[in-house]
Amino acid sequence: MTPLLAVHGLCAAYRSLAVLSDVSIEVPHGGITTLLGANGAGKTTLLRAISNVLVRTTGEIIFDGKRIDGQPCDAIARAGIAHVPDGRGTFSQLTVEENLCLGAISRRDRRAWQRDMARMYEYFPRLHAYRRKPAGLMSGGEQQMLAIARALMLSPRLLMLDEPSFGLAPMVVRQIFDILRQINRERQLGVLLVEQNASLALELANNAYVMEAGRVTISGTASDLRGDERVRRAYLGHPEETTHA
Ligand code: ATP
């Protein structure tokens, strides 16, 4: 089966600074793929390259069988790719409900998106409590939930998340990851997750890639990577344990 997203031989640069070199990754339909790597490895840049924001790219990006590289970012969003950037990108002066409406701005199916909004309040009940209040009044974890809910209001087939756990308490992160797992199952939603917490990311994901200095250096199933000595040493922090039963 062709993957939901396939990136082949991608190079990306900020003006004269080349960051990604010959990157190839895939996200299966309804699968969760995670990108691991140290700071500066190029994970955020890869998500930006797929969304076509801020970087110049060469190479192929194929979404659901169609080339999307070079298309404007709004066309890529309309094609079904939602991007929750690092720093979340919610509007703190607008109410929670206004933020959610903005997520659905390109949709014509008003009834369906109103149903989706009700569904978001079921996934994230705290958002309902704050629906008429400025988003900036909520905690960091609640704002991350809003950023995810707003992206889902696009009714995407691929959700790209950049460090959703950043700065959040472990309990809140666990809650967000549980909801992501539920949404992935219920909606057959493909997820491309950039995450510093490798242990948590490999628990959630089916497949994983490790990036170093703008290249993919290790790839495989999440369970392969959990057992890979290089990954254990660099990202999981417990190289001495073996994977043997
Ligand atoms: P982090 O977790 O630190 O964000 P990352 O793996 O996501 O790491 P990127 O943010 O993609 O890495 O950064 C890759 C390289 O691109 C770094 O050298 C960074 O300094 C550079 N870079 C990132 N954003 C820009 C930008 N807007 N303009 C110029 N260079 C940038």
Side-chain angles (χ1 to χ4, degrees), residues 5-27 32-61 63 68-74 76-77 81-90 140-141 143-144 147-148 151 158-170 172-173 176-177 180 190-205 207-220 222 225-226 228 230-237:
L5 178 78
V7 171
H8 297 304
L10 190 76
C11 300
Y14 297 97
R15 296 179 180 269
S16 60
L17 178 70
V19 173
L20 301 183
S21 176
D22 196 21
V23 169
S24 297
I25 66 159
E26 290 187 354
V27 180
I32 302 181
T33 297
T34 188
L35 298 174
L36 307 177
N39 286 344
K43 307 175 301 293
T44 294
T45 304
L46 177 51
L47 299 195
R48 287 177 181 161
I50 295 165
S51 287
N52 197 14
V53 286
L54 292 173
V55 283
R56 275 185 305 107
T57 62
T58 58
E60 284 186 358
I61 305 174
F63 181 62
I68 57 162
D69 44 276
Q71 290 194 17
C73 56
D74 57 323
I76 291 170
I81 298 181
H83 184 169
V84 180
D86 52 346
R88 299 170 193 141
T90 51
Q143 290 191 41
Q144 184 62 61
I148 295 170
L158 176 67
L159 177 66
M160 301 198 298
L161 297 161
D162 199 345
E163 305 251 11
S165 73
F166 186 79
L168 304 182
V172 178
V173 173
I176 290 176
F177 274 51
L180 282 174
V191 177
L192 180 56
L193 170 70
V194 167
E195 182 50 60
Q196 284 290 340
N197 186 335
S199 166
L200 203 57
L202 290 174
E203 222 180 273
L204 184 74
N207 303 303
Y209 295 86
V210 174
M211 294 185 65
E212 288 167 34
R215 292 175 180 272
V216 171
T217 51
I218 307 174
S219 63
L225 265 71
R226 274 199 300 268
D228 187 297
R230 295 162 296 173
V231 174
R232 296 169 79 81
R233 196 183 299 279
Y235 304 105
L236 297 175

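Remember, it's 1-based here, ligands and their atoms both numbered in the order they're listed.
- Summary of contacts: the protein heavy atom closest to atom 12 (O) of ligand 1 is G42 N, 3.2 Å.
- Expressed to the nearest 0.5 Å, how far CD1 of I25 lies from CE of M211 amounts to 8.0 Å.
- Heavy-atom contacts of A38 reach the following atoms of ligand 1: 6 (O) (cutoff under 4.0 Å).
- Between T34 and L204 the shortest side-chain heavy-atom distance does not fall below 4.5 Å.
- Applying the 4.0 Å criterion to heavy atoms of T45 picks out, from ligand 1, the atoms 9 (P), 11 (O), 13 (O), 14 (C).
- Not a single heavy atom of G37 sits under 4.0 Å from any atom of ligand 1.
- For the pair F177/L193, a side-chain contact is recorded, criterion being any heavy-atom separation below 4.5 Å from C-beta on.
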Verdict with supporting geometry, N39 and Q196, side chain to side chain contact (heavy atoms under 4.5 Å, CB included): CA-CA 9 Å; N39 286 344; Q196 284 290 340; 3.0 Å; yes
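- Residue contact check: E163 has heavy atoms under 4.0 Å from atoms 2 (O) of ligand 1.
- Shortest non-hydrogen contact noted between S165 and N197 is OG-CB, 4.5 Å.
- With a 4.5 Å cut-off on side-chain heavy atoms, I76 and F63 do not count as touching.
- Looking at V210 and D228, their side chains never come closer than 4.5 Å, going by heavy atoms from C-beta outward.
- For atom 22 (N) of ligand 1, the nearest non-hydrogen atom of the protein is Y14 CE1, 3.4 Å.
- Proximity of L17 to ligand 1, defined as any heavy-atom pair under 4.0 Å, is confined to the side chain (atoms from C-beta onward).
- For atom 20 (O) of ligand 1, the nearest protein heavy atom is 4.0 Å or more away.
- By the 3.5 Å distance cut-off applied to N or O atoms, V19 is not counted among the residues near ligand 1.
- Within ligand 1, the atoms closer than 4.0 Å to a non-hydrogen atom of A41 are 5 (P), 6 (O), 12 (O), numbered from 1 in the order shown.
- Counting heavy atoms closer than 4.0 Å to ligand 1, residue T44 contributes atoms from both its backbone and its side chain.
- When all heavy atoms are compared, the tightest approach of A49 to T57 is CB-CG2, 3.5 Å.
- Residue G40 has at least one nitrogen or oxygen atom sitting less than 3.5 Å from a nitrogen or oxygen atom of ligand 1, judged on distance alone.
- Taking every non-hydrogen atom of Q196 and a distance limit under 4.0 Å, the qualifying atoms of ligand 1 come out as 2 (O).
- Nearest non-hydrogen protein atom to atom 6 (O) of ligand 1 is K43 NZ, 2.7 Å.
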Apply the test side chain to side chain contact (heavy atoms under 4.5 Å, CB included) to residues D86 and V194: give CA-CA distance (whole Å), side-chain angles for both, the deciding distance (0.1 Å), then the verdict. CA-CA 9 Å; D86 52 346; V194 167; over 6 Å; no
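- Protein heavy atoms are found less than 4.0 angstrom from atom 31 (C) of ligand 1.
- Looking at Q144 and V173, their side chains never come closer than 4.5 Å, going by heavy atoms from C-beta outward.
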